[in-house]
Amino acid sequence: GHERSNWKTVRVVLKRDRNEVRKVLEEAIEEKFEQVYVIGFKNKKAHLKGSKIDSNMEAIGALEMCKMQIFERSGK
């Protein structure tokens with residue numbers, strides 16, 4: 001398993017600005033992320049892409065950890 005401290009979530013609100021997407025991905029590269037999951041929104045639907053998704057359980061676990069971080073940051 002991964003320790004929570006190894007995960008970083010980056011909140012990006014996109015207003016059709018591809019430069020923001022590029023900036024976040026470049027930060028992930030600079031920080032030497034071993035894996036990247038991208039949740040993108042298109043036509044009001046969420047889509048998941050990953051650089052390397054070894055198993056569905058691994059992807060779900062990563063998403064759950066990020067969800068917990070979002071709730072902690074929002075004070076809930």
Side-chain angles (χ1 to χ4, degrees):
H2 297 282
E3 290 184 22
R4 175 187 274 171
S5 61
N6 291 342
W7 292 92
K8 178 181 177 186
T9 55
V10 180
R11 183 171 181 263
V12 178
V13 178
L14 297 176
K15 294 182 180 174
R16 300 187 190 276
D17 186 351
R18 294 182 186 273
N19 289 329
E20 277 297 316
V21 173
R22 193 169 281 113
K23 178 182 170 190
V24 171
L25 293 175
E26 287 172 355
E27 286 176 9
I29 292 168
E30 288 174 14
E31 293 181 31
K32 296 182 168 86
F33 281 21
E34 294 171 358
Q35 278 183 277
V36 176
Y37 296 99
V38 176
I39 300 172
F41 296 91
K42 184 176 178 181
N43 299 323
K44 297 184 180 182
K45 291 185 180 179
H47 301 271
L48 176 66
K49 298 245 182 218
S51 58
K52 179 181 83 172
I53 299 176
D54 292 331
S55 73
N56 287 340
M57 291 305 294
E58 183 178 314
I60 291 168
L63 292 169
E64 285 296 321
M65 286 192 296
C66 291
K67 185 173 78 173
M68 290 170 53
Q69 289 179 16
I70 291 168
F71 284 132
E72 288 173 3
R73 290 179 183 166
S74 67
K76 293 183 179 182

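Within 6.0 Å of atom CG in L63, more than 12 heavy atoms from other residues, nucleotides or ligands are found, so the atom counts as buried in its surroundings.
A 4.5 Å side-chain heavy-atom check between V24 and V38 finds every atom pair outside the cut-off.
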Verdict with supporting geometry, E64 and K67, salt bridge (Lys or Arg N to Asp or Glu O under 4.0 Å): CA-CA 5 Å; E64 285 296 321; K67 185 173 78 173; 3.2 Å; yes
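Atom NZ of K23 sits about 5.0 Å away from atom CD of E20, to the nearest 0.5 Å.
A continuous path of Ile, Leu, Val, Met, Phe, Trp and Tyr side chains, each step under 4.5 Å between heavy atoms, connects Y37 with F41, placing both in one hydrophobic cluster.
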